[in-house]
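Let me begin by presenting the structure, written as structure tokens, before commenting on it.
Every number for a ligand or one of its atoms is a count from 1 in the order of the listing.
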Amino acid sequence: MSSQSAQTENRAKFSDEVRVYGHWIGGRETPSSPAVALESRNPATGMLAARVAAGTAEDVDAAVASSAAASKNWAALPPANRSRHLHRIAAAVRAQAAEIATLEVAETGKPFPLAMVEAEGVAEYLEYYAGVVRAEHGQVIERGNGQHIYTRREPFGVVGIITPWNAPVYSAIRAVAPALAVGNAVIVKPSEYTSTTTLRFAQIASEAGLPDGVLNVLTGAGVVGTAVVSHPGVGKVSFTGSVTTGRIVARLAADRLIPVVLELGGKSPHIIFADAKLDEAVEAAIAGFTMNTGQVCAAGTRLLVERAVHDDVVQQLVAALEKKNLQESLGPIITEPQYRKVNDYIDIGLSEGATVASGGKLEDATGAGNFFVQPTIFTGVHNQMRIAREEIFGPVLSVIAFDSEDDAVDIANDTNFGLVAGVWTADMDRAFRLADRIESGQVFVNTFGSLDVETPFGGYKDSGYGREKGIEALKEFTRVKSVWIGLRANPSEAAER
Ligand code: ADP
């Protein structure tokens, strides 16, 4: 039997056994109208993982009506009460993190420990925003003249949150937690390939006592996302995904004059100077381009190496990669089109004249049965090649030699993106200079890869705008209102004047 027909047989065998998930609207599972389901498959095995409702514009109407109704009472709660809700949900998520991670593995094929980090991250975000929202206040503005002036931070009402497949519920929580904390009701539209963890999260939140309608989840393809952004009842959108779809979402939002947070792609450079601790830099470079099989917007996919240590670094990279046996810890590429894209880029790199120093296309790169690829390191890359300019979203690293600090900065900034950069050097003056000069939302110096909640995260240039994480994200989900109160003078004092 060919692996293709084995896969078909597996699909048939398991197709009757997976459940069909409805949307989560108003605190209960709700079928789509009309009932049509989309399938998601485990890219490690080809097996059917779930069927989810293929949402429609009517479903979006129902979800927005539910969220709008819930948003008033939710916004009126004192922050301390909303905080207690978030803490309760966080505790429930911690208790059920393994279940969430298992669902995620079934849809993404990623290693269980990574899925657990993401599931526990969901609890971490809820705990953080449950805390900081209690310390977030408006201002009093002193102007004298018998006026008391203050600002209020008010929620938008209903916030739409559209998320991708690479870290499904973890991407969602980055917007959900701050948006809820400040009093918005939210509607999440997860990727059609990975909906189940977000649905399960909403169910857990309801079971933990979150009022009905405060968190709704609509599943389906891009048309559901479009309908969410276009809906007159939605006041703000947070989008994480590709640049192409980000532009569409931004245009739709511009027509309605509503604000958007866009967290898009990257082609992030790691810069290694000759004076750096090379072993640590090499370790970080490998983690940077292989984490989640390179399916991360912040992946470090361009490695800029000072020419004096170029060959040494490449040798260490290849040796470290081979020693690591990453096959155990790398998951597959999410879908067949994405898998083909990664393999196509390996061909493109070769045709552009780059050299494969490690990895390359697997001999059996047919995609039948599973979508695994090898981490691939290209050398002899220059920054005008497509493999150095375009986001591949797979574990493919382009190594580029540079000759001076200015040269490194020019190459690092010669990109449409601006999400993350890494700098490796023993010269701290140079480290600060580069941190200033690099055009990206995050710069790591002599360290890399943090999933912390506290630090604002977002892009420059085509990597998007607006900020997630930290206190900044709380601000994203509120509007500032200034209030002037005219103060009459004390009548007896007025009489004396
Ligand atoms: P990715 O390659 O990360 O899946 P997308 O940007 O296509 O990138 O998808 C991210 C999210 O955007 C998914 O939830 C997807 O369903 C949604 N989406 C896709 N097309 C549209 C669209 N035209 N309008 C709104 N949302 C969309």
Side-chain angles (χ1 to χ4, degrees), residues 21 23 32 36-41 43 50 52-57 59-60 63-64 104 107-108 110 159-176 186-199 201-202 216-231 234 236-256 258 260-267 292-299 332-342 344-345 371 390-394 417 419 459 462-464 468:
Y21 290 80
H23 305 299
S32 185
V36 178
L38 298 174
E39 293 182 346
S40 61
R41 288 186 182 277
V52 298
T56 62
D59 298 332
V60 176
V64 175
E104 173 143 344
E107 282 190 311
T108 63
K110 72 175 62 169
V159 171
I161 297 168
I162 302 172
T163 55
W165 44 259
N166 56 341
V169 72
Y170 182 77
S171 306
I173 201 66
R174 286 157 63 144
V176 168
V186 303
I187 298 174
V188 188
K189 206 304 275 176
S191 165
E192 52 273 42
Y193 305 119
T194 53
S195 306
T196 60
T197 48
T198 308
L199 287 166
F201 167 67
N216 289 329
V217 178
L218 285 171
T219 58
V223 313
V224 182
T226 299
V228 168
V229 184
S230 310
H231 199 288
V234 172
K236 167 111 193 188
V237 166
S238 165
F239 172 83
T240 308
S242 62
V243 175
T244 307
T245 309
R247 284 190 209 284
I248 295 170
V249 166
R251 282 192 199 108
L252 292 168
D255 276 346
R256 296 197 43 238
I258 61 166
V260 202
V261 178
L262 293 177
E263 216 275 83
L264 309 176
K267 196 74 195 177
N292 204 23
T293 319
Q295 301 170 112
V296 183
C297 54
I333 299 294
I334 188 79
T335 57
E336 187 163 354
Q338 192 61 32
Y339 170 81
R340 299 214 174 286
K341 180 178 158 192
V342 174
D344 286 350
Y345 269 107
F371 304 137
E390 298 171 15
E391 189 178 41
I392 299 173
F393 232 61
F417 296 104
L419 197 52
D462 285 3
S463 295
E468 299 186 303

Check your understanding: Any salt bridge between Arg247 and Asp462, counting N to O under 4.0 Å?
Key -> yes
Is the shortest side-chain heavy-atom distance between [X] and [Y] below 4.5 Å?
| X | Y | result |
| --- | --- | --- |
| Arg174 | Glu263 | yes |
| Val64 | Ile187 | yes |
| Val261 | Val237 | no |
| Pro164 | Ser171 | yes |
| Val176 | Ile161 | yes |
| Phe417 | Val243 | yes |
| Pro168 | Pro190 | no |

Can you tell me which residue and heavy atom of the protein come closest to [atom], and the distance to 0.1 Å?
| atom | answer |
| --- | --- |
| atom 7 (O) of ligand 1 | Thr245 OG1, 3.2 Å |
| atom 14 (O) of ligand 1 | Thr163 O, 2.8 Å |
| atom 6 (O) of ligand 1 | Ser242 OG, 2.7 Å |

Exercise for review: Give me the one residue out of Phe393, Tyr339, Phe371, Trp165 that meets side-chain contact (heavy atoms from CB on, under 4.5 Å) with Ile334.
Suggested key: Trp165
My understanding is that we take every heavy atom of each candidate and find the minimum distance to [atom]. Doing that for [options], which one comes out nearest?
| atom | options | answer |
| --- | --- | --- |
| atom 26 (N) of ligand 1 | Gly265, Ala172, Gly225 | Gly225 |
| atom 10 (C) of ligand 1 | Thr240, Thr198, Ile248, Val243 | Thr240 |
| atom 19 (C) of ligand 1 | Pro190, Gly222, Ser230 | Gly222 |

Practice item. Indicate whether atom 24 (N) of ligand 1 is within a distance of less than 4.0 angstrom of some protein heavy atom. Key: yes
With heavy atoms of [X] as the reference, note each atom of ligand 1 found under 4.0 Å away.
| X | result |
| --- | --- |
| Pro164 | 3 (O) |
| Glu192 | 15 (C), 16 (O) |
| Trp165 | 1 (P), 2 (O), 3 (O), 4 (O) |
| Ile162 | 11 (C), 12 (O), 14 (O), 17 (C) |

Point to revise | Exercise: do Tyr345 and Glu390 side chains pair donor with acceptor under 3.5 Å | key: yes
Check your understanding: Strictly by modelled atom types, are Glu107 and Thr196 linked by a side-chain donor-acceptor pair under 3.5 Å?
Key -> yes
May I ask you to identify, for [X], whether its side chain, its backbone, both or neither come under 4.0 Å of ligand 1 on a heavy-atom basis?
| X | value |
| --- | --- |
| Thr244 | neither |
| Lys189 | both |
| Thr226 | both |
| Phe393 | neither |
| Phe239 | side chain |

Exercise for review: May I ask whether Val229 places a heavy atom under 4.0 Å from ligand 1?
Suggested key: no
